[in-house]
There are 2 protein chains.
Amino acid sequence: MAVRLIDVARRAGVSPSTVSYVLSGNRPISAETRRRVEESIAELGFRPHAGARSIRRQATNVVAMVLPMFADGQGGVQMQFVLSALRAARARGFNLLLLTAEDGVAEINNLVSSAMVDGVIVMEIQVDDPRLPVLGELQRPVVLIGTPDDREGLVHVDFDFAAAGAMCVRHLLDLGHRHIGLLGQPADTFARQAGYALRAREGVLGVLREHELREVWAPAQPNPAGVAEAIEELFGQDPDLSALVVYNEQALPFVLERLKQLGMRVPGDMSVLAICPDDQAEHLVPPVSDVALPSRELGRLAFERLAGLIGGEEQPVSTLLAPQLKRRGSTGPPRRGR
Amino acid sequence: MAVRLIDVARRAGVSPSTVSYVLSGNRPISAETRRRVEESIAELGFRPHAGARSIRRQATNVVAMVLPMFADGQGGVQMQFVLSALRAARARGFNLLLLTAEDGVAEINNLVSSAMVDGVIVMEIQVDDPRLPVLGELQRPVVLIGTPDDREGLVHVDFDFAAAGAMCVRHLLDLGHRHIGLLGQPADTFARQAGYALRAREGVLGVLREHELREVWAPAQPNPAGVAEAIEELFGQDPDLSALVVYNEQALPFVLERLKQLGMRVPGDMSVLAICPDDQAEHLVPPVSDVALPSRELGRLAFERLAGLIGGEEQPVSTLLAPQLKRRGSTGPPRRGR
DNA sequence: TTGAAAGCGTTACCAT
DNA sequence: ATGGTAACGCTTTCAA
């Protein structure tokens, strides 16, 4: 069977409590005793039984992360959240356990009530997410990736999508564009009221409205047909379109391809500005200017906040990462006469 | 504090053991007692403490899954493995915990020795993976996604990449092609001896060799520049190329785009046949024929095998899913005179 | 500086 | 059909 603490103690000729204290550091131990115990631990290959430990400790050093319902692992920003949170957790000695949103709040509650996890990260937050009340009553720390409408409640981290959308439009306005369209997330993302999709759209359309320009936008499926359809829709709304804000990282390559097909040069005939992770824009042809979506940073930050809460530290309720524009040459002034 | 089993027992007016037996079903319980206990559980919102439970049981109902080092969540087949394994696990009442390959075998050992997990799924297996010996000595079930050179060792599940590559070439040969090239995974995938990349290549090149045809192949980075370079390289090796096997799901859209740029029609001037998940080929223009990589099936299967081992059942050591060709019209006979 | 022993919450054996 | 109670492996109080 597995090596137990008492085996270590016997071999080192000390009591179990001494071994425990060597492990936890909660009591001064003589150098000699410590040496013997550590040697014994090493030789026997002893690892404390996590379950037994979690009975007396108040913690498991495991956190849960709830994946969105529709996660498909395809170029998803969500997967970046998971991977970066995972790295951050591992670096701090935590383990990360995955749940899917299909599991629902009941399952989260289960994990928490059965003392399997010390805290939970939830992503894909809807503007008025029905899960929030329950999450608020969970007796364990929770961090959201995404901003709920009620910003006073749970600790959350997010990218400032509204500011990002606005920044895109302002950049294009500065270049002289007056006919700007948004090619956004797929329709079902809007349908489920995903905060990022709604806020980015409002960021874009809000600035257009301020400037009394036409509010042109369309959702797009991330495949050639979906993109072609969306672009047609946008031109239907405004035939003079000279600039596109693309907030749909998976569709972006197809947008460039479609524009080329239509005989439009970028940025000569059409400026393109994306909201997406930097590495998904920089290797395209032409390299696409973007407002970088800091997906890795967000996952890491979410875990850091959670770890803080678990450690009993106060954490800022709301953290919105500010957008930054990265120019790469896919935007320029509109053609004359536009 | 948290509700304990003894609280439930007191409220129901029974002994702790009775509650335990109601929970486990390991003993007949009178209808009346069961009712009282269940009511008590519901009213108190009792959840058994997972840690305490794991001391006495021999299991935690948690399994670990080891991600590849370089996982980036970008259209990765690996992420499909994770998601489908996760769904399968959740459906069977298991939790899934993530580890990264950077963590190394030592960390896997840690998880296992500390009784945190009942088993481990490891993916991205190299043909001669240095982790295998250690995994073999782990005192817990292990399932690999990927085929080691030594197929007698650990239980593994995989797609038959060699057969898939061969099937692609045979299909193209049947259509009359004699100048066939492989556009494969990125160079670093080959560099780290990933089994799937090597075996798919050997499947392709092996059949070409049998037929005494030129063995044309190139690795490709999944971006426009990388793909352009790879295609140029392929034409350099054989200017008469009339068919392409593409085993690089992320590069596939860029391949189609590049061919169009070069003025080549698909399948008129160039047949294209992919090895990739179906949903990454079907929505392209034109829809691409493929040998479908059953990524979801593999993740699910890996978990099922692991669950079987954990349950003490014998499992087949080697499971290779057979390839199947899905025709979608991106392949046709070569132009006359080729 | 160290040890003995009483828990922690659950399970399963031994009774009845 | 049910209850009492000794484990499980570790932590921590109390004593020395």
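In the text below, chain A, chain B and the rest are named by the order of the sequence lines, each starting its count at 1.
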Colleague: Apply salt bridge (charged side-chain N to carboxylate O under 4.0 Å, His left out) to A/Asp128 and list each qualifying residue two or more places apart in sequence or on a separate chain.
Modeller: none
Colleague: Taking atom types as modelled and ignoring hydrogens, do the side chains of A/Ser17 and A/Ser20 form a donor-acceptor contact shorter than 3.5 angstrom?
Modeller: no
Colleague: Between residues 17-42 of chain B and DNA chain C, which residues have a heavy-atom gap below 4.0 Å?
Modeller: B/Ser17, B/Ser20, B/Tyr21, B/Asn26, B/Arg27
Colleague: Could you pull out every donor-acceptor pair under 3.5 Å between side chains of residues 116-123 of chain A and any protein atom, sequence neighbours left out?
Modeller:
unit_1   : atom_1 : unit_2  : atom_2 : d
A/Asp118 : OD1    : A/Thr60 : N      : 2.8
A/Asp118 : OD1    : A/Thr60 : OG1    : 3.0
A/Asp118 : OD2    : A/Thr60 : N      : 3.1
A/Asp118 : OD2    : A/Asn61 : N      : 2.6

Colleague: Can you establish whether the number of heavy atoms outside A/Gln139 located under 6.0 Å from its atom CD is more than 12?
Modeller: no
Colleague: Earliest and latest nucleotide of DNA chain C, 5' to 3', sitting under 4.0 Å from a non-hydrogen atom of chain B?
Modeller: C/dG9 to C/dC14
Colleague: With heavy atoms of chain A within less than 4.0 Å as the criterion, where does contact along DNA chain D begin and end?
Modeller: D/dG9 to D/dC14
Colleague: Please enumerate all residues that pass side chain to side chain donor-acceptor pair (under 3.5 Å) together with B/Glu304, with sequence neighbours excluded.
Modeller: B/Arg92
Colleague: Donor-acceptor check, side chain of A/Gln58 to backbone of A/Arg56, threshold 3.5 angstrom: yes or no?
Modeller: no
Colleague: Using a 6.0 Å cut-off, check whether atom CD of B/Glu32 has over 12 heavy atoms from anything other than its own residue.
Modeller: yes
Colleague: Which residues within residues 54-61 of chain B lie with some heavy atom under 4.0 Å of an atom in DNA chain C?
Modeller: B/Arg56, B/Arg57
Colleague: Check this for me, if you would: do B/Arg199 and B/Asp149 make a salt bridge, where the nitrogen-to-carboxylate-oxygen distance has to be below 4.0 angstrom?
Modeller: yes
Colleague: Verify side-chain hydrogen bond (donor to acceptor under 3.5 Å, both in side chains) between B/Glu102 and B/Thr100, making sure each step is shown before the conclusion.
Modeller: CA-CA 5 Å; B/Glu102 290 108 347; B/Thr100 69; 2.6 Å; yes
Colleague: Can you pull out how bent the helix from C/dT1-D/dA16 to C/dT16-D/dA1 is, comparing the axes over its first five and last five pairs, to 10°?
Modeller: 40°
Colleague: Show, in sequence, the C-alpha distance, side-chain angles and deciding distance for B/Asp188 and B/Arg192, and conclude whether the salt bridge (charged side-chain N to carboxylate O under 4.0 Å, His left out) test is met.
Modeller: CA-CA 6 Å; B/Asp188 56 306; B/Arg192 66 170 178 269; 3.6 Å; yes
Colleague: For A/Asp129, what residues pass the salt bridge (charged side-chain N to carboxylate O under 4.0 Å, His left out) criterion, not counting sequence neighbours?
Modeller: A/Arg131
Colleague: Per the ring pair (Phe, Tyr, Trp, His ring centres under 6.0 Å) rule, what does the pair list look like for residues 63-114 of chain B, sequence neighbours excluded?
Modeller: B/Phe94-B/Phe303
Colleague: Answer yes or no: is there an ion pair linking A/Glu39 with A/Arg36, defined by an N-O contact shorter than 4.0 Å?
Modeller: no
Colleague: Please enumerate all residues that pass salt bridge (charged side-chain N to carboxylate O under 4.0 Å, His left out) together with A/Asp103, with sequence neighbours excluded.
Modeller: B/Arg90
Colleague: Applying salt bridge (charged side-chain N to carboxylate O under 4.0 Å, His left out), name anything that partners A/Arg47, two or more places apart in sequence or on another chain.
Modeller: none
